[in-house]
Chemist: 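Input: one structure, supplied below.
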Amino acid sequence: MRISNKISSFVAIALVATNIFAQKVQFDKNEFDHLFRKNCRINNIYTPREDYLTLYVNYKLKVQEAKSLQLDTLSSYKKECKMYRDELTAPYMVDSAALDAYKQTISTRFKTRIHASHVLVPVANNASPADSLAAYNKISLLRDSLMKYGSSLGAQWVLPQSGRNDVIEEDLGFFTTLNMVTPFEDAAYATPVGTVSPIVRSQFGYHFINVKETKPFRQIQVAHIMRAMPDTIKSPSRADMHLMDSLLSCIRRGEDFEALAKKYSTDMQSAHYGGKMPWLFEDTNIPGFMNAALSLKRDEVSGIVVSPFGLHIIKMLDERSSIPDAQLSRMFAELMDKSKVSALSAHAIASKTAKKYKAVLNHTALNDIVGIALSSLSNAEKLQQLSDYNSPIITFASGYKIYVRDIDVPVSIPSNQTPSEYKSTLIDVALSDYYKKQLPVEDANYRYTLAEYIDGPLVYEMNVQHVWGRQDNDSTIIDYLYKANPSRYSKGGSFSGRIYICDSSRDADKVRKAVDKGKPVDKKLYVELIEGDQNQGGLYDDYLWPYLKSDCIVIDGTFTDGQQLEKQLAAQQLQVDLITYREREYAKMLRKKYNVENNPRL
């Protein structure tokens, strides 16, 4: 039984299983090296490589034992593993380059405002495939008519007049990026001025778009003092006119505009900020107001301006021809929901996967599947047909094939997709799934982290059953530990000297011989040297006053004994050592069961 999903060099551990097949259980050396580098120093204490190997082997034997008990076949375990796998995979499914490219696209689009109209045939989100097809056919006829006759839409409907109730024609005025739903915006910005877009599907239905004109991005920021005019009154009162005349005179004499706005403006939202308004596009529809504002230079103040909302005195504060990068980043983060990130990333990942693994698309099969999704069959019937469909939709150079039954896609075309978009989604999902399957092969860090995720629950269950739970002989073992190791359960002890931490017992033996003979110790033989005085209760208790000694540690110095604690005062440390004792005994049993002869020399 090989506990590895790759063929590589293995740690030369002789682990001979005692089952009837007498197979060797081998461990991936690269995985061990990865885990050792990651975990060799915890709480600033270094674990010798040979000691860590012992822990690693014990860990893997617990995994093997859990699998021999078929704990890995439990539905609860499989569910937990899927959750871990999805959590680990999520960051790999975000294509930063694709998101950066989209952000650049948005930044570029912000420099242009589009004036467009559109024709819409609405389709409900829960529309049947038949209704969606009928709507698509209707808008196709309308667009064909427009393209054929090339005159105004209103004079060239080719459908019966009764059909007009289901068609919306609308002038949208000027808009910029992030103001429209994504499919509509993409089509609008891709359509040259004076032309009509292809048919596009959004969550509202089917559209085609007529782009009438474009203009560069321009925004102004102004402050104003306003006296609101009631809707029922068509001209300002004499009192308000007199007040605004007085305020204008004060401003021209040098009085503070902000202070006057806060005191006299009836636009309470802007008055709070000294009259400052949000940034306005130059085509913002405020009759009278915008023409006056756009005619001003920076810091210039207008005369009294009349708009449908009242009287204004306007001060030009600033103007700009693009959105600042910091604001764009905030807008992008707020407006990019998870589904958009997922869709952009999935398409980018799918494209890279197709190229890297030489994917060949079976368009005949893909078109058949779209046909099934468009059919009037029930969902159950569609699912059955898709399950029985035996032609692969994608084949890779390796020979691996993907069938529609292997991927998770709706059996009917969603209301916000055209048939061609649904087909693209099929391809993206299939290729993204293949990319996920390749992650353990292509990315060592992913592979080893995933192994930790899926082995962890099995080891946890083995520990619950054999290490952590209370047992009848606990008190006997605690008595034994307390009596056998009096220096460990003491306080006030101290040590003066050196602690050599070696990666192997072989190197430690050489260090020990040099120390015994009073010779200099070769620095290549140890990883770390701790010198000086150490008090009991410090970092190195487990080295200096151990319950279990490490063959990789060499102690050279003098101890001063402390005073042994009463057993109840040492209870916490005794409980820790009890768990260590059980861990050691359980490991002995597993090593005997799987006939672990020895750890390798490093």
Side-chain angles (χ1 to χ4, degrees), residues 1-17 23-67 72 81 84-85 87-89 91-92 437-460 462-463 500-511 522-530 542-543 548 550-554 583-584 587 590-591 594-602:
M1 301 174 198
R2 178 171 292 167
I3 307 179
S4 174
N5 60 0
K6 61 174 284 192
I7 299 174
S8 67
S9 58
F10 291 96
V11 178
I13 309 171
L15 298 179
V16 183
Q23 292 178 305
K24 287 186 177 180
V25 180
Q26 295 178 303
F27 303 126
D28 186 338
K29 180 182 183 298
N30 292 328
E31 180 186 27
F32 167 76
D33 289 339
H34 167 82
L35 291 173
F36 176 70
R37 287 191 300 269
K38 178 180 175 182
N39 300 317
C40 65
R41 187 177 294 278
I42 297 177
N43 296 328
N44 208 32
I45 298 294
Y46 182 82
T47 300
R49 185 177 176 86
E50 188 173 303
D51 288 351
Y52 191 85
L53 180 58
T54 298
L55 298 174
Y56 174 78
V57 171
N58 292 347
Y59 180 92
K60 285 297 187 179
L61 287 173
K62 289 177 186 176
V63 174
Q64 184 65 24
E65 179 70 357
K67 289 180 177 179
D72 59 326
C81 283
Y84 289 149
R85 188 186 296 270
E87 179 183 306
L88 178 62
T89 304
Y92 290 84
K437 287 182 173 65
Q438 296 308 304
L439 277 175
V441 178
E442 299 287 347
D443 191 298
N445 188 62
Y446 177 92
R447 177 169 65 252
Y448 301 141
T449 305
L450 179 61
E452 288 183 78
Y453 274 32
I454 63 178
D455 289 350
L458 299 176
V459 174
Y460 176 85
M462 293 295 94
N463 284 335
Y500 295 90
I501 304 177
C502 307
D503 256 340
S504 70
S505 55
R506 178 177 55 189
D507 288 343
D509 287 343
K510 294 177 182 178
V511 170
D522 186 348
K523 292 182 179 180
K524 294 179 182 179
L525 295 176
Y526 58 87
V527 179
E528 197 164 325
L529 173 62
I530 296 99
D542 286 338
Y543 292 162
L548 294 176
S550 169
D551 292 335
C552 300
I553 307 298
V554 179
E583 176 80 38
R584 184 185 64 174
L590 291 177
R591 284 169 176 265
Y594 291 98
N595 196 22
V596 179
E597 296 175 359
N598 60 278
N599 282 349
R601 290 289 185 179
L602 299 177

Chemist: Does Tyr52 have any side chain to side chain donor-acceptor pair (under 3.5 Å) partners at least two apart in sequence or in another chain, and if so, which?
Modeler: Asn39
Chemist: For Ala587, check side-chain contact (heavy atoms from CB on, under 4.5 Å) against everything at least two apart and list the hits.
Modeler: Asn58
Chemist: Does Asp455 come within less than 4.0 Å of Lys60, counting only side-chain N to carboxylate O?
Modeler: yes
Chemist: What pairs with Asp72 under side-chain contact (heavy atoms from CB on, under 4.5 Å), at least two apart in sequence or on another chain?
Modeler: Lys67, Tyr77, Leu458
Chemist: Walk me through it: do Tyr56 and Glu31 pass the test side-chain hydrogen bond (donor to acceptor under 3.5 Å, both in side chains)?
Modeler: CA-CA 10 Å; Tyr56 174 78; Glu31 180 186 27; 3.0 Å; yes
Chemist: By salt bridge (Lys or Arg N to Asp or Glu O under 4.0 Å), which residues pair with Lys437, not counting sequence neighbours?
Modeler: none
Chemist: Which residues satisfy the side-chain contact (heavy atoms from CB on, under 4.5 Å) test with Asp51, sequence neighbours excluded?
Modeler: Thr47, Pro48, Ser550, Cys552
Chemist: Give a yes or no on this: more than 12 heavy atoms of other residues, nucleotides or ligands lie within 6.0 Å of atom CZ of Arg584.
Modeler: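 Check passes, neighbour count above 12.
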Chemist: Got a sec, which residues hit side-chain contact (heavy atoms from CB on, under 4.5 Å) with Asn43, two or more places apart in sequence or on another chain?
Modeler: none
Chemist: Are the side chain of Asp522 and the backbone of Leu525 linked by a donor-acceptor contact shorter than 3.5 Å?
Modeler: no
Chemist: So how far is it from Glu50 CD to Phe36 CZ, rounded to the nearest 0.5 Å?
Modeler: 11.0 Å
Chemist: Relative to each other, are the rings of Tyr448 and His34 parallel, tilted or perpendicular (30° and 60° limits)?
Modeler: tilted
